[in-house]
Protein chains: 2
Amino acid sequence: MDATMDAKQTISALGALAHENRLQLFRLLVQRGPEGLAAGVIAERLGVLPSSLSFHLQQLVHAGLITQKRVSRQIIYAANCDAMGRLMAYLTENCCAEASGACAPADAAWRKLA
Amino acid sequence: MDATMDAKQTISALGALAHENRLQLFRLLVQRGPEGLAAGVIAERLGVLPSSLSFHLQQLVHAGLITQKRVSRQIIYAANCDAMGRLMAYLTENCCAEASGACAPADAAWRKLA
DNA sequence: TAATTATTTCGATAATCGTCGAATTATCGT
DNA sequence: ACGATAATTCGACGATTATCGAAATAATTA
């Protein structure tokens with residue numbers, strides 16, 4: 001159990017989100033909530049070929065940002081909010097000036113959540 | 001003046017951070033604060049060849065995450081905390097479940113800052 | 001079992017990314 | 001002006017990424 005994210009995982013997550021289709025895809029799943037969406041529905045919404053979508057889905061799964069489960073014929077994908085939260089925490093703690101005060105307010109706000 | 005970040009800028013910023021050397025580099029500049037660091041010092045700290053570092057620096061500059069200014073012979077780079085803050089805001093607002101409540105606490109905390 | 005639906009995997013291809021060393025630009029000191 | 005220092009730009013190369021269509025896998029229905 002790793003409650004915190006290391007640099008490698010962070011890079012993996014950032015890379016997974018750093019693509020037009022995948023960012024849109026992740027946003028879609030976040031909007032949708034825990035119920036998730038079937039791959040086919042996602043492909044249609046994004047206007048991407050199924051085989052291409054599969055590629056992008058795997059990137060997000062591998063980065064831990066989304067989960068997959070089979071339900072009869074379909075495979076349902078859902079956003080993993082915990083992973084996203086850990087990513088945000090890493091960025092806040094490591095990339096938002098703890099010592100100097102530039103990003104301190106944001107940092108302080110995040111700390112309150114823990 | 002765009003106080004908010006659109007998807008394209010977000011992808012650019014995410015991609016810029018999604019690399020071992022660049023994430024480390026950005027963290028280094030954030031730690032360093034407004035004073036910034038010269039390219040040569042950064043190259044030495046990261047153990048990267050100057051020409052390779054230049055490549056990575058340009059990615060971060062292009063994404064707006066760092067700034068550069070020439071001071072005599074050296075070029076000083078510094079983290080742009082505003083840009084990082086906008087990236088965090090975009091992610092919080094678009095990738096952290098506004099409607100459904102999964103990531104709502106984090107979202108609420110961020111809203112208070114605005 | 002055979003046909004259908006939902007999705008992934010594979011193979012080929014084009015495009016982008018990252019690294020290196022050599023050449024180039026800019027600035028400073030003498 | 002000349003040599004030294006600091007950094008970037010360029011060109012080549014290998015590695016990774018993204019896309020597409022065809023084939024394969026899994027589950028349902030007739």
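Labels below follow one simple rule: chain letters A, B, ... track the order of the sequence lines, proteins then strands, and each chain is numbered from 1.
Atom P of nucleotide C:dA6 and atom CG of A:Leu53 are separated by 14 Å, given to the nearest angstrom. Regarding B:Glu44, its CD atom lies at a distance of 15 Å from the P atom of D:dT5, rounded to whole Å. We find that CZ of B:Arg70 is positioned 16 Å from P of D:dT5, with the value rounded to whole Å. Spacing between atom CZ of A:Arg45 and atom P of C:dA6 amounts to 16 Å, rounded to whole angstrom units. Distance B:His62 NE2 to C:dC17 P: 11 Å, rounded to the nearest Å. Nucleotide D:dA7 holds its C1' atom 10 Å from the CD atom of B:Gln58, rounded to whole Å. At whole-Å resolution of the value, CG in A:Leu57 and C1' in C:dT7 are 10 Å apart. To the nearest angstrom, P of D:dT29 lies 11 Å from CD of A:Gln74.
Between A:Ala13 and A:Leu87, the shortest heavy-atom distance links the atoms CB-CD2, 4.1 Å.
Counting any heavy atom pair closer than 4.0 Å across all strands shown, B:Ser72 reaches sugar-phosphate atoms only and no base atom. Residue-level contact check: A:Ala43 touches neither bases nor backbone, having no heavy atom under 4.0 Å from any strand.
B:Leu49 belongs to no hydrophobic cluster with other residues, because no ILVMFWY side-chain heavy atom falls under 4.5 Å from its own, directly or through intermediates.
Within the 4.5 Å cutoff, no side-chain heavy atoms of A:Asp6 are placed close to those of A:Tyr90. Here the side chains of A:Leu17 and A:Arg22 are not in contact, with every heavy-atom distance at 4.5 Å or above. With contacts defined as side-chain heavy-atom distances shorter than 4.5 Å, the pair B:Phe26/B:Ile66 qualifies.
Side-chain N/O atoms of A:Tyr77 include one lying less than 4.0 angstrom from OP1 or OP2 on C:dT8.
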Mind listing the N/O atom pairs, protein and nucleotides 15-19 of chain D, below 3.5 Å?
{"residue": "D:dA18", "atom": "OP1", "partner": "A:Arg22", "partner atom": "NH2", "Å": "3.3"}
{"residue": "D:dA18", "atom": "OP2", "partner": "A:Arg22", "partner atom": "NH1", "Å": "3.3"}
{"residue": "D:dT19", "atom": "OP2", "partner": "A:His56", "partner atom": "NE2", "Å": "2.5"}

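To the nearest 0.5 Å, atom CZ of residue A:Arg27 and atom SG of residue B:Cys95 are 6.5 Å apart. Put simply, CG on A:Asn80 and CZ on A:Arg86 are 6.5 Å apart, with the number rounded to the nearest 0.5 Å.
DNA chain D is contacted by both A:Arg73 and B:Ser54; B:Ser54 maps to the nucleotide lying nearer its 5′ end (nearest heavy atom per residue).
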